[in-house]
Amino acid sequence: MDDIHIPLSSPDITDAEIDAVVDVLRTRHLSLGPKIPEFENAFRRYLGVEEAVAVSSGTAGLHCALLAMGIGPGDEVITSPFSFVASANVIKMVGATPVFVDIESSTLNMDAAKAAKAITPRTKAILGVEAFGNPNGMHEMVMLAASHEIPLLEDACEGLGSSHKRRKVGTFGRAGVFGFYPNKQITTGEGGIIVTDDRKIADLCRSFRNQGRDPNGSWLSHARLGYNYRLSDINAAMGIVQMQRLDDIVTARQRVAHEYISQLLDEPRLILPTIDDETVMSWFVFVVRLTSEFDAADRDAILAYLKNHHIGCSNYFPPIHLQPFYVADHGFKRGDFPITEYVADRTIALPFHNRLSHMEIERVVHHLRQALEQRLSAKAA
Ligand SMILES: Cc1ncc(COP(=O)(O)O)c(C=O)c1O
């Protein structure tokens, strides 16, 4: 039993998704077909937004949205260093400068007071991230962006299904972007979507995703520099079924998260995720944090121990500003964003997916406790 691998994540694909994909394969419309507007409409209905533009990845969606907001060279965009690298990379991709703001240690999202201090005359947007799906703090970003009359772009890639004070993730910003890589709440294999109430932004995104063509222009006329960021109908067909199942998926993930929390509540060597009463959490991953008696070397030893026991785990996320590319390009160093660094040194993402069983969670918790014990003994010796 103990040598069966428990993966860090696993997509939840049923016969309905498989049938939907096969149905598309039997048609002539593998791309630019009817599944794209159907998938986009599912998002418009779910979020109550005017526009949705499906693209080939979350990164592509963020890139298009920044371009559509007119962000470019010379501009600064405020964002979090505690995220997946793509949320800062897209700022670099449009030639602008990411201005990192340290996080708040309970929500793991940008600290609003620090974000306010980081604004300069060159700040042209805020790119807010819901770390691990937690929207707490996004209302503050909405207010900050409004008070400076700059757009908020919501990197909602980790938060489909979450809400805060009844406002759904994806509807906080001038535009929001979701991603559908297989570890996400819903997957299309690869894929993403931009959601907005702003028709101009949506139309520009439609053009950027399709080689710069205007929506009603001819196939060989290119009005602006564009990309091939189209999603195929094969991917969209999978996404349509996943969207129909979203409520059940969110509930299943909440069940797994609550089970982890109840099994780990008495563990003094861990800090569990804290979710406030006004947040409905759609869990992207389940990340625990080590207490201050541990450091990054301890965390890495614990990850190695778990992997040796066939338990998938990871250090989500190393700080973006300390990624080699950002150190080389911007001269960032350790100490620049101390809360992000302190948190990132101690995070452990545990196996997390819709069908994780009670017994599997027990096994993960058992080995995690053993790993903590062993590490403390090794330090004391
Ligand atoms: C916060 C965040 N932003 C952006 C992305 C990029 O999404 P994709 O992998 O679909 O390009 C991800 C996905 O991993 C993410 O977690």
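The residues of the chain are indexed from 1 along the displayed sequence. Counting starts at 1 for both ligands and their atoms, in listed order.
- Classification of the Phe172-His139 ring pair by plane angle, with boundaries at 30° and 60°, yields perpendicular.
- Residues passing the ring-ring contact (aromatic ring centres under 6.0 Å, His included) test with His258, sequence neighbours excluded: none.
- Salt-bridge check for Arg245 with Asp12: passed, with a basic side-chain N closer than 4.0 Å to an acidic carboxylate O.
- A salt bridge links Asp203 with Arg206: the closest approach of a Lys/Arg side-chain nitrogen to an acidic carboxylate oxygen falls below 4.0 angstrom.
- Pocket lining of ligand 1, defined as residues with a non-hydrogen atom under 4.0 Å away: Ser57, Gly58, Thr59, Leu62, Ser83, Phe84, Ala86, Val129, Asp155, Cys157, Glu158, Lys184, Gly191.
- Under the salt bridge (Lys or Arg N to Asp or Glu O under 4.0 Å) criterion, Glu278 pairs with no residue, sequence neighbours left out.
- Cluster partners of Val177, by chain and number: Val53, Val55, Leu62, Leu66, Leu67, Met69, Ile71, Val77, Val90, Ile91, Met93, Val94, Leu127, Val129, Leu153, Ile194, Ile201, Leu204, Phe208, Leu225, Tyr227, Tyr229. The rule joins Ile, Leu, Val, Met, Phe, Trp and Tyr whenever side-chain heavy atoms lie under 4.5 Å apart.
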